[in-house]
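Let me begin by presenting the structure, written as structure tokens, before commenting on it.
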Amino acid sequence: MEPPRAKRGRPPRTVVSARVPTVTPSAAHLASVRTPLLDWYDRNKRDLPWRRTKDPYAIWLSEVMLQQTQVATVIPYWERFLARFPTVLALAAAPLDDVLSGWKGLGYYSRARNLHRAAQEVVSRFGGKLPSTAAELLSLPGFGRYTSGAVASIAFGEQAPLVDGNVARVLSRLFEVEGLPGDREREATLWELATLLVKGERPGDFNQALMEHGATTCRPENPLCLLCPVRTGCVAFRKGRVDELPPAKVRAAPKKLTLALAVWAHADTLLFARRADSGLFGGLWELPAAEVDEDATEAETTLRLTGALGAGVKLEAMLGTVKRQLTHRDLTLRLYRVSGPLRPTRSAAFQELRWCTPSEAATLGMSTAMQRALEAAMTALK
DNA sequence: TACTCGTGGGC
DNA sequence: TGCCCAAGAGT
């Protein structure tokens with residue numbers, strides 16, 4: 001079809017749609033990247049446990065765990081989790097509490113809640129078998145564009161693109177893609193490039209090659225350009241712009257969050273509470289916590305804890321403070337030994353209350369922050 | 001759109 | 001040490 005021609009006497013329309021890529025690579029440029037990168041991957045890929053399996057469930061699990069989490073951290077979690085929940089059916093049938101326990105310490109706990117929900121949907125909607133296309137996967141909880149493309153290409157061989165932090169950096173440099181992380185036009189360009197590149201043989205390996213290259217060679221700082229298999233096709237390398245692309249993302253300063261924790265001992269047990277499913281540490285167990293002002297008085301703290309537990313509380317002693325740095329939270333946990341006339345067994349502020357011995361508590365799903373607080377409390381109580 | 005949601009490694 | 005950030009998704 002002939003392209004529309006600008007009418008005489010009228011300036012041609014300038015296309016500024018955000019969906020039009022600003023980079024239009026030639027077929028030769030694409031080929032100069034695809035083949036060497038795939039060859040490089042075959043020779044240099046790391047021996048990672050999820051690269052030894054073809055089980056889509058196991059691959060899916062690895063992709064979820066790897067979201068915003070480093071490979072070395074994930075490996076032992078992946079192996080333990082798979083041993084505990086070896087199939088989609090086993091995961092779907094397990095109580096959420098057990099799933100969160102298996103995720104304990106890995107962070108971003110909504111991943112575990114969504115994984116569990118998705119497993120149940122795979123059973124109810126797809127007969128227990130993970131669907132094989134990115135479009136279908138996208139409809140499941142916890143499957144965004146990245147994870148859908150990753151599972152579809154790696155586990156099922158679909159020519160589905162993916163863009164993660166590594167791929168964004170690699171493609172930004174190779175094709176000189178401008179713009180800040182989060183910029184719509186930039187994202188559209190990166191996905192368009194990934195879509196063009198993944199077409200061909202072994203799409204799953206090619207996607208992993210892009211990520212592996214970013215993780216090991218085309219690193220954020222001190223990239224190893226002299227060892228790069230595609231540097232001759234890299235626009236940023238040719239122009240000396242490797243250090244400028246991509247620009248660093250601007251991160252908001254962490255906000256302060258202060259929690260008062262009730263350390264309520266009875267016999268050989270402590271009182272524990274399970275948080276609401278949404279929000280920070282959703283669904284996890286904790287020493288019952290209430291948010292307080294940074295400069296809260298003891299009276300205010302008493303009021304907050306009483307309100308949270310729905311039972312009168314007396315502050316007996318300040319046992320210590322645990323500080324914890326999250327990505328966007330500056331967390332302060334204040335430990336108070338408390339007592340009260342009536343020992344609560346349920347409360348409106350929590351999903352569940354439970355009196356547990358330390359060994360029972362060890363099996364509960366609990367954040368690392370709370371784990372540290374619990375250790376501090378046990379030490380102080382001795 | 002911009003914010004929320006954890007953790008440990010590396011420098 | 002303090003600060004950077006890593007195989008993103010949900011709202």
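Source: prediction; values computed, not measured. Convention: sequence-line order gives letters A, B, ...; per-chain numbering from 1.
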TODO: Establish, for the pair A:R343 and A:W355, whether the NZ or CZ atom is under 6.0 angstrom from the six-membered ring centre and no further than 45 degrees off its axis.
DONE: yes

TODO: Mind jotting down which residue pairs meet the salt bridge (charged side-chain N to carboxylate O under 4.0 Å, His left out) criterion with at least one end in residues 24-41 of chain A? Sequence neighbours excluded, please.
DONE: none

- [ ] Scan for side-chain hydrogen bond (donor to acceptor under 3.5 Å, both in side chains) pairs involving residues 253-263 of chain A, sequence neighbours excluded, and state none if there are none.
- [x] A:K256-A:E294

Task: DNA chain B-proximal residues of residues 64-99 of chain A, any heavy atom under 4.0 Å - done: A:Q68, A:T69, A:Q70

TODO: Examine the side chains of A:Q67 and A:Y146 and answer whether a donor and an acceptor come within less than 3.5 Å of each other.
DONE: no

Task: Opening and closing nucleotides of DNA chain B in contact with chain A, under 4.0 Å to non-hydrogen atoms - done: B:dT1 to B:dG9

Task: Value in whole Å for how far the P atom of C:dG10 lies from CG of A:L115 - done: 12 Å

- [ ] Scan residues 204-225 of chain A against DNA chain B and write down, sorted by residue number, each residue with any heavy atom closer than 4.0 Å; if none is found, say none.
- [x] none

- [ ] Identify the two heavy atoms, one from A:V167 and one from A:M211, that lie closest to each other, and give their separation to 0.1 Å.
- [x] CG2-CG, 3.6 Å

- [ ] Sequence neighbours left out, what passes side chain to side chain contact (heavy atoms under 4.5 Å, CB included) with A:S132? Give chain and number order.
- [x] A:F156

Task: Closest-nucleotide 5' rank along DNA chain B - winner of A:R324 and A:K255 - done: A:K255

TODO: Decide whether A:D268 and A:T357 meet the rule of one side-chain donor and one side-chain acceptor closer than 3.5 Å.
DONE: no

TODO: Would you classify A:G105 as touching base, sugar-phosphate or nothing, given that sugar-phosphate means primed atoms plus P, OP1 and OP2, and contacts are heavy atoms under 4.0 Å?
DONE: sugar-phosphate

Open item on the list: Can a side-chain donor-acceptor contact be found between A:K314 and A:S339 if the only test is distance below 3.5 angstrom?
Closed with: no

- [ ] Give a yes-or-no answer on whether the side chains of A:T69 and A:R111 include a donor-acceptor pair shorter than 3.5 Å.
- [x] yes

Open item on the list: Can you see whether A:E136 engages A:T133 through a side-chain donor-acceptor pair at a distance of less than 3.5 angstrom?
Closed with: yes

